[in-house]
Amino acid sequence: MAAVQPLSVQMFGGFSLTYGDKSIDDQSNRSKRLLLLLEYLITFRDRSISQEELIDLLWPNEESEDPANALKTLLHRVRSAVGSLGVADRRDIILYHRGSYCWNPHICCQVDVDGFDQLVEAGDAPQADDATRLAAYLKAIALYRGDFLPKASSEPWAISIYTYYHNAYLRVVHAALDLLDKDQRWDEMIGICRQAINIDPYDEKLHYCLISTLVSTGNMHAAKAHYEYVTDLFYNHFGVTPSPELTRLYREVVKTSNSLETDLNIIKENLREKERVSGALFCEYEFFKEIYQLEARSAARTGRVVYIALMTLTDAGGNPLEKRILQNAMERLIGSVQGSLRRGDVFTRYSVSQLLLMLPTNTFESAEMVLQRLIKKFTRDFPRLPVSIHHKVQMFDPLP
């Protein structure tokens, strides 16, 4: 006798039912309620669900004048949709008993959520050695094609499940990365980091692991590029800078990124700007610190005067700006400052709403004039931006 073919159910990264070469998924133009009912019945397929519970799920604000009949009609449509796959007689797909409905437990289902749970349990088993744990975790990670039912993630019943699996996935990813690192399986680590970052771009540990692993493979250019991406991401979404740990890693990347080279012409070519950029140098804050310290040493030796200026964006009342307005205003302010200062000047982004400038001028008054000119130009170029610019200027403190 031939083995019964299971109905394949995907819940991670989207919803789909597949039987043989036929499928139903949430990318089709089927009604939202039909898919929601189907997702709910399969998620809670181990219990009976009362008619009242399903009505509250589908018509929480009593949108239907006759919800009981509306539910029967929708259940008929669900049975027909699943029955069209050929998995079972449509009458047997959803069972009814004493006012409650349930998914037929005799339909053989292969659900990715169940597979994930089993693999995580196998990896977490106390008796499992590292090789067994890693094999189980890698299979679990491969199953997790995205978060649990993303199109239903705002439904009250789905929120806790969504959160549980998201956290479980991240825990498994970090455990697998630790095990892979022991064996120096860096290419696999890079792939897993990139996959996990697509699912949770705000987990800083993943970014740290990706950058450090790129360094281990000698790909310094990609490591620096990813740090710059993370910096922009955290500025724009959270208004914070990367953690000290990530910043220290970046400084090490910069220090170790150059290989042994004895030809000065090649070194000069590497040092040269790849393309001519007019205006001031906009750089990472860590680079700005290095330049500041160099200038402070020079000022102590030569008596050269340099001023440092802080520009801060707020609303008209001096309050922090909304994120959407702030992001747009900062992009425009950076472009305006870069185009207005001289090519030998340097500036950086100090915080989500602040720029730090280095101004090699002789007097406080001339530094103030530069700032006033920058602010006036910005206001003239972008008169509709609802922002105010505040500034402070101080002279460098030469190193003793």
Margin query: For a 4.5 angstrom cut-off between non-hydrogen side-chain atoms, does R185 reach E188?
Written below: yes

Notebook entry, point to check: Do the side chain of R77 and the main chain of S80 share a donor and acceptor less than 3.5 angstrom apart?
Noted result: no

Check: Do the charged groups of E286 and R248 touch, with an N to O distance under 4.0 Å?
Finding: no

Next item on the list: Please work out which of the three classes, parallel, tilted or perpendicular, describes the rings of Y285 and F288, given edges at 30° and 60°.
Entry: parallel

Check: Are the side chain of S153 and the backbone of P150 linked by a donor-acceptor contact shorter than 3.5 Å?
Finding: yes

Notebook entry, point to check: Given the rule in the side chain to side chain contact (heavy atoms under 4.5 Å, CB included) test, do I389 and F378 qualify, once you have shown the distances and angles that lead to the verdict?
Noted result: CA-CA 9 Å; I389 301 178; F378 178 80; 3.4 Å; yes

Next item on the list: Look at D25 together with K151 and state whether they make a salt bridge at an N to O cut-off of under 4.0 Å.
Entry: no

Next item on the list: Report the C-alpha separation of T163 and S160 in whole Å, then their side-chain angles, then the decisive distance to 0.1 Å, and conclude whether the side-chain hydrogen bond (donor to acceptor under 3.5 Å, both in side chains) test is met.
Entry: CA-CA 5 Å; T163 303; S160 61; over 6 Å; no

Next item on the list: Start with the C-alpha distance between Y137 and D124, add both sets of side-chain angles, then the distance that settles side-chain hydrogen bond (donor to acceptor under 3.5 Å, both in side chains), and finish with yes or no.
Entry: CA-CA 9 Å; Y137 289 156; D124 290 344; 2.5 Å; yes

Note to self: Can you confirm whether R47 is buried at CZ, in the sense that more than 12 heavy atoms of other residues, nucleotides or ligands lie under 6.0 Å from that atom?
What the structure shows: yes

Check: Going by atom types alone, do H106 and D92 pair a side-chain donor with an acceptor below 3.5 Å?
Finding: no

Notebook entry, point to check: Can you tell me if Y307 uses its side chain to pair, donor with acceptor, with the backbone of F364 under 3.5 Å?
Noted result: yes

Next item on the list: Step by step, work out the salt bridge (Lys or Arg N to Asp or Glu O under 4.0 Å) result for K72 and D66.
Entry: CA-CA 10 Å; K72 289 179 182 178; D66 188 356; over 6 Å; no

Next item on the list: Tell me, with the steps shown, if K377 and D381 meet salt bridge (Lys or Arg N to Asp or Glu O under 4.0 Å).
Entry: CA-CA 6 Å; K377 182 179 185 304; D381 290 345; 2.7 Å; yes

Notebook entry, point to check: Picking from L54, L36, L37, what satisfies side-chain contact (heavy atoms from CB on, under 4.5 Å) with L74?
Noted result: L37

Margin query: Would you say that more than 12 heavy atoms from the other residues, nucleotides or ligands in this model lie under 6.0 Å from the CD of Q110, or not?
Written below: no

Margin query: Looking at D315 and N319, would you say the former's side chain and the latter's main chain have a donor-acceptor pair under 3.5 Å?
Written below: yes

Item checked: Basic-acidic side-chain contact under 4.0 Å: D114, R45 -> yes

Margin query: Counting neighbours of NE2 on H221 that are heavy atoms of other residues, nucleotides or ligands and sit closer than 6.0 Å, is the number greater than 12?
Written below: no

Checklist line | Over 12 non-hydrogen atoms of neighbours within 6.0 angstrom of CZ in F282 | finding: yes

Check: Just checking, any donor-acceptor pair under 3.5 angstrom between side chains of H391 and T312?
Finding: no

Item checked: OG1-CE distance between T363 and M395, expressed to the nearest 0.5 angstrom -> 11.0 Å

Note to self: Please verify the inter-ring angle class for Y165 with F148; under 30° counts as parallel, over 60° as perpendicular, anything in between as tilted.
What the structure shows: parallel

Note to self: Heavy-atom count check: over 12 atoms from other residues, nucleotides or ligands less than 6.0 Å from E204 CD?
What the structure shows: yes

Note to self: Let me confirm one number: the CG-CD1 distance from N104 to I107, rounded to the nearest 0.5 Å.
What the structure shows: 4.5 Å

Notebook entry, point to check: Looking at S100, P105, S48, which hits side-chain contact (heavy atoms from CB on, under 4.5 Å) with L95?
Noted result: P105

Item checked: Check: M11 main-chain N/O paired with D112 side-chain donor or acceptor under 3.5 Å -> yes

Notebook entry, point to check: Within a radius of less than 6.0 Å around CD of Q394, do more than 12 heavy atoms belonging to other residues, nucleotides or ligands occur?
Noted result: no

Next item on the list: Tell me whether Y162 is reachable from V120 by hopping between hydrophobic residues (I, L, V, M, F, W, Y) whose side-chain heavy atoms are closer than 4.5 Å.
Entry: no

Notebook entry, point to check: Which atoms form the tightest heavy-atom contact between S351 and M330, and what is the distance?
Noted result: O-CE, 4.4 Å

Item checked: N/O donor-acceptor pair under 3.5 Å between R332 side chain and F382 backbone -> no

Notebook entry, point to check: So, S216 side chain and S212 main chain: donor-acceptor pair closer than 3.5 Å or not?
Noted result: yes

Note to self: Tell me whether R343 contacts the main-chain N or O of A280 through its side chain, where contact means a donor paired with an acceptor under 3.5 Å.
What the structure shows: no

Item checked: Pair H226-Y229, ring-ring contact (aromatic ring centres under 6.0 Å, His included): steps then yes or no -> CA-CA 5 Å; H226 192 76; Y229 161 76; 5.4 Å; yes

Item checked: Heavy-atom pair with the smallest gap, counting every atom of F12 and G146 -> CB-O, 3.3 Å

Check: Of all heavy-atom pairs between P201 and H207, which one has the smallest distance, and what is that distance?
Finding: O-NE2, 2.7 Å

Check: Donor-acceptor pair, Q195 side chain versus I141 backbone, under 3.5 Å?
Finding: yes

Notebook entry, point to check: Is it the case that more than 12 heavy atoms not belonging to Y164 sit under 6.0 Å from its OH atom?
Noted result: no

